[in-house]
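Residue numbers begin at 1 in each chain, while the letters A, B, ... track the order of the sequences.
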Amino acid sequence: MIICISWIKINNIFDPMLWYKVENFFDNSCVQVADVVVGFGHLEKKGKDDVEALIAGSGGGSRKGFDYLCWDLYARVSQWYSEGSDSEQAAKKKLRLDTLHLIEQGGNATAELAEVISTAVLRRHLETMARLGIEYDFLPRESEILHLKFWESAFEKLKATGVLYEETEGKNKGCWVMRRPKSEFSSEVNEGPDEDAKVIVRSNGTVTYVGKDIAYHLWKFGLLGKDFGYKPFHKYPSHECWISCEQGEKVHPHFGGVRAIYNVIDSRQSDPQSNVIQALRGMGHTAEADRYTHFSYEMVALTPRYAEELGYTVSEEDKKKPYIEVSGRKGFGVKADDLMDLMIAASRGEILKRHVEWSEEQVSETARQIAYGALRYFMLRYTRNSVIAFDQKDALAIEGETGPYCQYALVRAKNIFRKAGVAPEAVLAEYAQSAGLNAILGSEEGGDIWALLVRASKRIFVLEQALVASEPAYLAKHAFQLAQEFNNFYHKHRILTEENAAMKSLLLTVAAVVLREISATLKLMGIESPEAM
RNA sequence: GGGCGAGUAGCUCAACUGGAUAGAGCACCGGCCUUCUAAGCCGGGGGUUGCAGGUUCAAGCCCUGCCUCGCCUACCA
C-alpha cells in the first residue's frame, strides 16, 4: 500500500552472480486495504463504479494518481477511527474487522471493491519502482494464499510433524501454537503451558499472518504440494511480470520450488521470520531452513530538517532527534514519486547553472541519472542495521560520500578521454601490449599511482565480501574511496599536457582503469554513469 | 518480563573471522583555479570506543554484571 523507499535498499547486487527471480508479496487482504475500503465506503460514500471512474480518471499523465488518493484517505480513516464516543469507536472497529473478513472471504461486493483498489495501487507501485529500474517477475497475492487453501495444506503438515500443537491450558487455551526457537522448555521446569509460544491459529479458528507466511514459504521451496494460478500482469521492455490468481493460464513460467530464498524485509519482521524458519526446521526441512536468509535491514526515516522542508511542522522534541520515523497512518512521510521528482528538480537546477548550452533532453536525462544515483547511493551506503535518516541535501551533495561525488569523479575521467579524442577501451587495449611501466611505478612518484591501481583492482574482492556479509554498503564504500583517490590523482597530474610520452600513456591507462572500475562498481549498485554533469 | 539490535570525534557513520598510531564524511578553521569541469584538491583541530570487571601476547570486537536508547514479543496483519 504505502510506497516505501526501503524497497530500493536491495537491488541488483546479485545480478552478476546468480540467476534469480524477484517476487513481491502483495498483501492485498490486509487491514490497510480494509481501511481504504472503509474510507471509500463511509467517508467518501463511493461505490465500486465511482472508484473505477476515479482510477480511470487519475491516470492521464500526472503522477499524482490513485495511489495518492489512497495515501490521503488512509490517513483520514485512521484519524476517523479514533474520533467519537467509546461506543462509536467500537462500532468503527467492528466495521473495520467485518470489512477485513469480507475481503478475506472473497466473493462479495466488498472484496470486489478491495480487489479493484488494491490492483490499481499495485499498478502504480510497479510504475514507481520501474523509475528506479526495479522490476518484478512474479506478484504472489495474499488473496490466493487464502482462496487456494494454501494454509489448509500447510496446517495438515504442521500438525502431522508436531510443529503445531493445540494448547489446552492457560491464556492460549484453544489455540494452535508453536514453540519459539529459544524457549528450551523441555529441559527446564516443564510444568504448565508454554505461554511464550507463538499463536498460529486463534481460538476462533482463524489463522494468523505467520501461519499464512509458513504456507507461502513451503510453496516457495516447493514443499507445499500446491501451486498458484498464474496470469500475465505487466509487460516490462525485457520481460513479463506475472501475478497470482485462482485459475490461471495453462502455459506460464515456473515459479516456486526454489533452492534458496533471500527475504528482503525490514528488521521489525525478524520475529515472524524466525518463526517461519523454525517451522521449516521443525517439519524436517532443515536444508531449506538453512538456505532461507532473512535479509533484514533497518527502516528509512527522515531527518527533522528534511521533514520541515517537506512542509511538515516538527515539534521541538522531534527536532532534537536524529530522525523521525515515517507513518502512513499519520500521513507523515514522503511518497517515492514525490521524492524522485524533488531530487530530479534539484539536480536539474545544478546542471542548468553550468550548462546553459545543453539540450533539454540532455539536461533531463542527466538530472535523472544524478537524482536516482544519489538516492540509491544514500540507501546503500549505510550498513543494514543502521537506521537511514534520509535528507535530500545530504544525498544530493557533491561533497562527501554521495552518489553524485562518485559520478563526478567518473565524469572527470570521461572528460579527459573526450578531450583527448580517444576511447578508454582503446587505451587499455594498447597499453596491455606495451611494457614500460615498471620504471615509473617503481619510482617515488609512482607510489600513489600504484596504490590507486591496487585499489581499483579490488572490485571483485569487495563484491565477494559484500555477498558473504550480505552488505551492499561495502560496494558503496569502495566506489567512494576509489572516486576520492582518483580525484586526488586527477588534481595531481595534468594528463593531457603531460610531456613525457610514457608517463602520459600510463596516466591515461590509469584513468581508463579507474573509469571502468568506478562505473562497474556503481552499476552493481544500480547507479548509472552520466556522460557529463 | 522475554528476544533482537545499537551505544565509537560536536553530528551521521566505518572498522573483514580479535592484530600495528581506532578511520571516513558533514560541520568548523586555514590554504589552492592563466591548466583535463573548483560540483574539486591539500592541510588543521577534534577520541578514556556507555560504565565496571574478566579472558588474551593483543579487546571497539570475546565473557560477566550494570546503565541508556530503539525495535519486536503478550490469539494485529
Notebook entry, point to check: Got a salt bridge between A/K458 and A/E485, using NZ or NE/NH1/NH2 to carboxylate O under 4.0 Å?
Noted result: no
Next item on the list: Could you tell me whether the phosphate oxygens of B/U37, OP1 or OP2, come under 4.0 Å of any side-chain nitrogen or oxygen in A/K419?
Entry: yes
Next item on the list: Would you please confirm or rule out a distance under 4.0 Å between OP1 or OP2 of B/C41 and any side-chain N or O of A/N488?
Entry: no
Next item on the list: Answer with base, sugar-phosphate or nothing: what part of the nucleic acid does A/Y405 contact at a heavy-atom distance below 4.0 Å?
Entry: sugar-phosphate
Checklist line | A/Y490 vs B/A38: side-chain N/O to OP1/OP2 distance below 4.0 Å | finding: yes
Next item on the list: Could you tell me whether the phosphate oxygens of B/A74, OP1 or OP2, come under 4.0 Å of any side-chain nitrogen or oxygen in A/K198?
Entry: yes
Next item on the list: Using the P atom on both, measure B/C36 against B/C28 and round to a whole Å.
Entry: 30 Å
Notebook entry, point to check: When you match A/S29 and A/T497 each to their closest nucleotide on RNA chain B, which lands nearer the 5' end?
Noted result: A/T497
Next item on the list: Classify the nucleic acid contact of A/N487 as base, sugar-phosphate or nothing, counting any heavy atom under 4.0 Å across all strands shown.
Entry: sugar-phosphate
Margin query: Please report the distance, rounded to the nearest Å, between CZ in A/F461 and P in B/C16.
Written below: 12 Å
Check: For A/A469, which contact category applies under a 4.0 Å heavy-atom criterion: base, sugar-phosphate, or nothing?
Finding: nothing
Next item on the list: Give A/R418 one of three labels, base, sugar-phosphate or nothing, depending on what nucleic acid heavy atoms sit under 4.0 Å from its own.
Entry: nothing
Note to self: What's the gap between B/G44 and B/A27 when it is taken at their C1' atoms, as a whole Å value?
What the structure shows: 14 Å
Notebook entry, point to check: Can A/K477 and A/E401 be counted as an ion pair, charged N to O under 4.0 angstrom?
Noted result: yes
Check: Roughly how far apart, to the nearest Å, are B/C4 and B/C66 at atom P?
Finding: 15 Å
Next item on the list: In whole angstrom, give me the gap between the P atoms of B/G5 and B/G45.
Entry: 37 Å
Next item on the list: State, without any angle test, whether A/Y216 and A/E142 hold a side-chain donor-acceptor pair at a distance under 3.5 Å.
Entry: no
Check: If only side-chain N and O atoms of A/R412 are considered, is one of them under 4.0 Å from the OP1 or OP2 phosphate oxygen of B/A39?
Finding: no
Margin query: Quick check on the 6.0 Å ring-centre criterion: do A/F486 and A/F489 meet it?
Written below: yes
Next item on the list: Just call it for A/V468: base, sugar-phosphate, or nothing, with non-hydrogen atoms closer than 4.0 Å on any strand.
Entry: nothing
Next item on the list: Scan A/R268 against the nucleic acid and name what it touches under 4.0 Å (heavy atoms): base, sugar-phosphate only, or nothing.
Entry: sugar-phosphate
Note to self: Considering every strand and a 4.0 Å limit on heavy-atom distances, what is the contact class for A/Q481: base, sugar-phosphate, or nothing?
What the structure shows: nothing
Checklist line | Spacing of the P atoms in B/G60 and B/G7 (rounded, Å) | finding: 14 Å
Item checked: Distance, C1' atom - from B/C16 to B/C76, rounded to whole angstrom -> 41 Å
Margin query: With rounding to the closest Å, how many angstrom separate the P atoms on B/G23 and B/G43?
Written below: 15 Å
Next item on the list: Taking only the side-chain nitrogens and oxygens of A/N204, find out if one of them lies under 4.0 Å from OP1 or OP2 of B/C75.
Entry: no
Margin query: Less than 4.0 angstrom between a side-chain N/O of A/Q484 and OP1 or OP2 of B/G25, yes or no?
Written below: yes
Next item on the list: Look at all strands and tell whether A/E350 reaches a base, only sugar-phosphate, or nothing, counting heavy atoms closer than 4.0 Å.
Entry: base
Check: If only side-chain N and O atoms of A/Y323 are considered, is one of them under 4.0 Å from the OP1 or OP2 phosphate oxygen of B/U12?
Finding: no
Every protein N/O within reach of nucleotides 30-33 of chain B N/O, cut-off under 3.5 Å:
none

Check: Contact class for A/S203 (heavy atom, under 4.0 Å): base, sugar-phosphate, or nothing?
Finding: base
Checklist line | Integer angstrom distance from the P of B/U49 to that of B/A22 | finding: 10 Å
Check: On a plain distance test, is the side chain of A/S386 in donor-acceptor contact with the base of B/C13 below 3.5 Å?
Finding: no
Note to self: Within the 4.0 Å heavy-atom criterion, would you say A/H294 contacts the bases, only the backbone, or no part of the nucleic acid?
What the structure shows: nothing
Check: Just checking A/E142: base, sugar-phosphate only, or nothing, at a heavy-atom cut-off of under 4.0 Å?
Finding: sugar-phosphate
